[in-house]
Amino acid sequence: MPKYNPQKVERKWQEYWEKHPELTEAIKKSEKPKFYCLDMFPYPSGDGLHMGHVENYTASDIYSRYLRMKGRNVLHPVGWDAFGLPTENYAISIKAHPAEVAQRNIKTFTRQIKSLGFSYDWSREIDSSDPNYYKWTQWFFLFLHKNGLAYRKKAKVNWCESCQTVLANEQAEGGICERCKNQVIQKDMEQWFFRITDFADELIKGLDKIDWPESTKTAQKNWIGRSEGAIIRFEIKLNSKAKPSGLLRLSLRRDNLEVFTTRLDTIYGCTYCVIAPENELISNLKSQISNLNEVEKYIVQAKKKTDLQRTDLAKEKTGVEIKGLKAVNPFTNEAVPIFVADYILSTYGTGAVMAVPAHDERDFEFAKKYKLEIKEVIKNENKISSVEKAAFIDDGILVNSEKYSNLTSEKAREEMARWLEKNNLGERKTTYKLRDWLISRQRYWGAPIPMIFCEKCSWQPVPEKDLPVLLPEVKDYRPKGTSPLGTNPDFVNTTCPECGGEAKRETDTMDTFVCSSWYFFRFADPKNEKEFADEAKIKKWLPVDLYIGGAEHTVLHLLYSRFFTKALHKHGYIDFDEPFKKLRHQGIVLAEDGRKMSKSLENVINPDEIVEKFGADTLRLYEMFMGPLEDSKSWNTKSIIGLKRFLEKVWKLKSMINDQGSTNNKLEILLHKTIKKVTEDIENLRFNTAISAMMILVNEMEKQKNILNSQFSILNSLLAPFAPHIAEELWQQLGHKDSIFLEKWPEYDPKLVKDEEITLIIQINGKLRDQIKAPAGVKEEEAKRLALESKKVIKYMEGKNIQKVIFVKDRLINFVV
RNA sequence: GGGCAGGUGGUGGAACGGAAUACACGCAUGGCUUAGGAUCAUGUGCCGCAAGGCGUGAGGGUUCAACUCCCUCCCUGCCCACCA
């Protein structure tokens with residue numbers, strides 16, 4: 001028998017699978033129950049596949065192959081998130097066209113994926129940069145626009161100087177560009193937004209009914225950031241005798257300062273108000289501000305700062321009092337000073353707060369610095385609340401709050417809100433951190449936004465029949481602040497769909513996350529030219545049953561996809577409102593030094609090298625054996641050899657088959673226990689322990705004189721989803737003509753997995769003292785008798801009386817003495 | 001500062017509240033070999049000659065019994081962070 005040569009075996013079977021796509025394609029017409037097993041489709045970066053991809057795809061491949069053997073009709077598709085900044089930036093760096101680069105990278109990814117033996121349905125391959133695909137990305141834009149969920153507005157937006165484009169909030173977390181890690185600045189620009197905030201509550205509620213990691217659900221909840229509170233209207237009192245002119249009065253509507261608070265119960269402790277530099281109050285009441293110069297100087301400085309500088313916690317809070325104006329607390333009728341400070345965010349709540357230094361850390365810090373009054377209005381009997389040193393921020397009992405004194409915080413919030421509403425001085429209000437999704441990008445490599453601007457008719461959607469709006473060729477696709485699409489007059493100049501007059505196209509492209517927010521629908525019907533996917537086909541395959549991918553997509557892709565799904569649901573396109581029933585993240589594969597694999601650290605392990613050296617089956621097994629799927633783990637090239645040895649043992653085991661020889665009942669029992677263990681472990685995505693169970697079986701088989709063909713075949717079937725190439729080869733060597741993957745998954749005999757003889761643990765006072773063999777199901781009395789016969793036990797029991805006996809069936813007996 | 005994961009041999013990691021360290025790597029000794037980074041066998045938590053004792057980040061608690069449950073704290077990683 002020849003030596004196990006993984007390279008030869010793997011090449012052979014990869015060619016075989018290429019000729020037999022029916023082995024991995026989802027069946028269009030079938031009575032078998034469906035299962036949609038999806039990987040987050042990759043953006044084909046120039047670096048090729050990394051170990052995280054291998055881990056992700058191996059896990060889903062094992063699961064898919066297992067389910068097919070179990071008789072399920074599995075949809076396990078593959079595609080490319082080819083549009084977007086990563087591909088474009090890479091293309092620019094090597095001075096190539098993004099489309100060329102994308103296609104080249106897709107080729108590399110395809111080769112690598114095939115070299116690992118992943119069982120994708122290649123007939124459904126999609127590419128988000130293909131006009132046949134992005135036609136439907138544009139359709140989704142029109143769908144949202146038609147339903148009032150896409151709109152254009154001028155707003156302060158995140159701008160990345162390096163990428164030369166605007167970014168969504170989610171892509172500018174902490175004031176850093178998600179892609180290039182450079183600082184993001186704020187700019188006023190008119191842009192397209194998706195109204196994701198309309199679904200804020202549904203996006204929170206939906207989390208309760210899906211099987212996702214708790215950490216991911218919590219992160220989404222925190223990102224949406226729902227808080228219940230109240231709007232309070234403080235009347236503005238002018239210090240100067242000069243009343244504002246009639247015109248100014250009109251423009252104001254009301255002389256009110258609206259603040260948002262979640263701690264209405266602390267209102268009697270409000271000693272000043274603070275507004276964001278962007279708050280309109282300042283420009284509206286300019287003539288009334290006695291220190292206007294000082295205020296405007298502060299605002300100019302604040303606007304110069306990046307978000308990062310403004311939100312730097314280590315930095316002391318700054319602010320300027322707006323002299324000439326006061327705000328009147330509607331509860332106390334007290335006029336308090338108003339400050340402008342850059343720690344107040346214009347985009348959250350009303351862009352203004354009531355400051356209660358005694359009960360808010362930020363207000364406390366500010367009040368201390370500017371020597372403002374600190375008024376205590378909440379007490380807590382259980383905790384010492386000294387507002388001398390720090391703010392007391394917990395709920396408690398109200399004091400110094402007139403008729404609300406002695407109420408609990410909760411009760412007071414309720415009664416105060418009612419009073420506000422009754423007197424029309426404010427109302428209950430729920431606010432969210434979540435902002436609408438800014439989807440415009442001043443970049444080349446994306447789906448053009450299908451909108452046309454006409455001087456007469458304003459913005460008009462491109463008629464659906466005219467889709468796709470093709471991404472035009474341009475001379476220079478590098479970013480330069482405005483979209484490169486604008487440099488192609490043939491693209492820009494068009495006619496108005498409404499009046500037929502001259503008009504210009506929108507030149508921005510869409511955020512690549514728009515492409516990936518709906519791709520999982522397309523896999524149900526990837527070649528459809530009339531719809532994004534046929535209704536019946538969506539019904540057949542969706543929602544996704546198991547979704548595996550990186551945790552870095554928690555608040556981006558996963559939230560956006562849920563939004564798209566909810567929008568489709570709301571408008572009657574689909575009958576479910578959550579896209580991914582079960583979600584799991586693979587852990588990060590760290591380098592051997594425990595740090596992240598990165599080019600700059602020169603610690604990246606390339607899957608190609610490992611496949612070449614050890615074989616794809618070994619790499620697959622190794623990545624699964626490293627530890628639980630969701631844990632991060634350190635790569636260790638030294639340890640791979642153990643998995644190679646395991647496969648070599650299996651290979652050699654085949655020559656031990658002899659059906660004439662005797663068989664061992666113990667081995668048969670172990671075999672069935674292994675079937676049970678491996679089956680359950682795959683179901684629970686615990687691949688590491690499934691592999692160790694197979695190792696134990698193989699070690700035991702090795703010790704036999706001979707093994708039966710049937711026993712080896714079962715082992716081979718169990719191994720097949722993990723190491724498909726070697727399993728196919730051994731199956732063929734056993735004389736079978738068809739693929740092992742057409743075999744049924746082995747079933748265990750429930751009678752055989754039950755032990756006839758068990759090891760009974762004997763404890764004295766909870767400590768192990770002896771272990772004896774006993775028949776399974778042994779009764780307590782008999783177990784006690786057997787245990788007390790043990791020499792060791794006799795020794796320990798000398799001169800002691802048994803107080804109590806704890807008996808756990810088939811497990812242990814514990815004497816308390 | 002908040003949230004979420006974690007902390008078990010030399011290493012990666014196992015363990016329905018019931019034998020702590022399965023499985024694998026590494027290491028040690030030996031066999032086979034001209035050779036071994038191949039392979040096979042045996043051993044491998046710590047202290048102790050032994051009997052035995054001690055051991056899952058630290059300290060308490062619940063329990064006949066705790067890696068597992070509860071409380072306090074420390075440390076590491078990831079994510080978010082002036083959200084009123």
Side-chain angles (χ1 to χ4, degrees), chain A residues 3 173-175 213-219 221-223 225-227 229 259-263 266 273-274 276 310-315 317 341-345 347-356 359-363 365-366 393 431-435 551-552 554-555 585 587-588 590 592 594 596 621-622 625-628 630-643 645-646 648 652 686 688-699 702 759-771 795 803-817:
Chain A
K3 228 184 130 220
E173 282 175 351
E214 271 318 307
S215 54
T216 305
K217 289 191 195 181
T218 313
K221 267 182 212 157
N222 291 345
W223 184 258
R226 178 191 159 98
S227 36
V259 303
F260 173 74
T261 181
T262 55
R263 291 299 303 275
T266 64
C273 287
V274 197
R310 269 179 70 166
T311 57
D312 183 1
L313 278 169
K315 190 192 62 136
K317 294 194 177 13
D342 66 7
Y343 78 90
I344 300 301
L345 305 170
T347 50
Y348 184 77
T350 59
V353 300
M354 64 173 203
V356 184
H359 305 292
D360 181 280
E361 280 172 2
R362 296 151 301 186
D363 298 343
E365 188 193 327
F366 194 80
I393 58 167
T431 61
Y432 301 87
K433 273 172 62 180
L434 184 70
R435 302 273 139 259
E552 68 276 15
T554 295
V555 291
H585 302 299
I588 302 167
L590 300 165
E592 291 201 48
K596 273 195 180 174
L621 279 171
Y622 173 64
F625 189 65
M626 282 170 92
E630 308 214 8
D631 289 9
S632 65
K633 37 202 98 87
S634 293
W635 181 267
N636 184 355
T637 302
K638 249 185 174 177
S639 297
I640 303 174
I641 191 69
L643 287 303
R645 281 182 196 145
F646 167 65
E648 275 166 354
K652 282 184 210 154
R686 288 194 301 241
N688 54 333
T689 47
I691 294 167
S692 84
M694 288 188 279
M695 285 172 166
I696 293 168
L697 176 65
V698 166
N699 289 344
E702 259 191 330
T759 304
L760 190 73
I761 306 303
I762 307 173
Q763 294 182 336
I764 295 170
N765 289 338
K767 286 205 159 130
L768 174 81
R769 291 306 179 193
D770 202 2
Q771 40 191 300
K795 197 182 128 199
Q803 309 286 324
K804 200 174 171 185
V805 180
I806 311 285
F807 178 69
V808 183
K809 197 184 159 203
D810 289 347
R811 177 103 33 193
L812 63 82
I813 185 158
N814 183 15
F815 298 108
V816 185
V817 295

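All of these numbers come straight from a predicted model, not from anything done at the bench. Throughout, a chain's letter reflects where its sequence line sits, starting with A, and its residues are numbered from 1.
- The number of heavy atoms from other shown groups lying within 6.0 Å of CD (A/E552) is above 12.
- The interatomic distance linking A/D810 (CG) with B/rG18 (P) rounds to 15 Å, in whole Å.
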So which protein N/O to nucleotides 2-11 of chain B N/O distances come out below 3.5 Å?
none

Detail all sub-3.5 Å separations between protein N/O atoms and N/O atoms belonging to nucleotides 40-47 of chain B.
none

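- Here B/rC82 is the nucleotide among B/rA15, B/rC82, B/rG18 with the atom lying nearest to any side-chain atom of A/Y343.
- We find that CD of A/E592 is positioned 13 Å from P of B/rG26, with the value rounded to whole Å.
- Comparing B/rC16, B/rC23, B/rC82 by their closest approach to the side chain of A/F625 singles out B/rC23.
- Scanning residues 690-699 of chain A for heavy-atom distances under 4.0 Å to RNA chain B yields A/S692, A/M695, A/I696, A/N699.
- One atom, NZ of A/K433, and another, P of B/rA84, lie 8 Å apart when rounded to the nearest Å.
- Separating the C1' atom of B/rU68 from that of B/rC16 is a span of 11 Å, rounded to the nearest Å.
- For the P atom pair drawn from B/rC69 and B/rA15, the interatomic distance equals 14 Å after rounding to whole Å.
- For the pair A/L812/A/I762, no side-chain contact is recorded, criterion being any heavy-atom separation below 4.5 Å from C-beta on.
- If you check every strand for non-hydrogen atoms under 4.0 Å, A/P213 touches nothing.
- With both ends at atom P, the span from B/rG55 to B/rG61 equals 14 Å, rounded to whole Å.
- Under the 4.5 Å side-chain criterion, counting only non-hydrogen atoms from C-beta, A/M695 is in contact with A/L643.
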What does nucleotides 59-70 of chain B look like as a protein-contact string, B for base, S for sugar-phosphate only, - for none, at under 4.0 angstrom between heavy atoms? -----B------

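- Other residues, nucleotides and ligands contribute only 12 or fewer heavy atoms inside 6.0 Å of the NZ atom of A/K809.
- The residue A/R226 sits apart from the nucleic acid: no heavy atom pair falls under 4.0 Å.
- Only the P atoms considered, B/rU56 is 32 Å distant from B/rC79, to the nearest whole Å.
- Residue order along RNA chain B, read from the 5' end via each residue's closest nucleotide, puts A/G627 first among A/Q771 and A/G627.
- Residues A/M354 and A/T266 are in side-chain contact: their nearest non-hydrogen atoms beyond the backbone lie under 4.5 Å apart.
- Comparing the P positions of B/rG60 and B/rG52 gives an interatomic distance of 27 Å, to the nearest angstrom.
- No engagement by A/D363 is indicated, since no non-hydrogen atom pair under 4.0 Å with the nucleic acid exists.
- Side-chain contact check for A/K596 versus A/L590: some heavy-atom pair is nearer than 4.5 Å.
- Rounded to whole Å, the distance from CG on A/L345 to P on B/rC82 is 7 Å.
- Closest approach to the A/T262 side chain among B/rA19, B/rA84, B/rC25 is made by B/rA84 (side chain taken as heavy atoms from C-beta onward).
- Spacing between atom OH of A/Y348 and atom P of B/rA84 amounts to 4 Å, rounded to whole angstrom units.
- In terms of heavy-atom proximity, A/S227 sits nearest to A/F260 at O-CZ, 3.9 Å.
- B/rG60: glycosidic angle beyond 90° from 0, hence anti.
- Put simply, the side chain of A/F646 does not reach to within 4.5 Å of the side chain of A/Y622, judged on heavy atoms.
- Taking atom P in both B/rU21 and B/rG37, the straight-line distance is 32 Å, to the nearest Å.
- Where pairing requires Watson-Crick or G-U contacts shorter than 3.5 Å, the helical stems of RNA chain B with at least three consecutive pairs are B:1-7 with B:74-80, B:10-12 with B:23-25, B:26-31 with B:39-44, B:45-47 with B:52-54, B:57-61 with B:69-73.
- Atom-to-atom, CD1 of A/I641 to P of B/rG26 comes out at 8 Å; the value is rounded to the nearest Å.
- Summarising the geometry, the separation between NZ on A/K221 and C1' on B/rA81 is reported as 19 Å, rounded to the nearest angstrom.
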Could you list, one pair per line, each protein nitrogen or oxygen that sits under 3.5 Å from a nitrogen or oxygen of nucleotides 27-33 of chain B, together with the distance?
none

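- Ranking B/rA84, B/rA19, B/rA14 by closeness to the A/L768 side chain, first place goes to B/rA19.
- Between A/S632 and A/R769, it is A/S632 whose nearest contact on RNA chain B lies nearer the 5' terminus.
- Separation of the C1' atoms belonging to B/rG10 and B/rU44 is 11 Å when rounded to the nearest angstrom.
- Taking atom C1' in both B/rA5 and B/rA41, one finds a spacing of 42 Å when rounded to whole Å.
- Using cut-offs of 30° and 60° for the angle between ring planes, the A/F366 and A/Y343 rings count as tilted.
- One can place CD1 of A/I640 at 15 Å from P of B/rG13, the figure rounded to the nearest angstrom.
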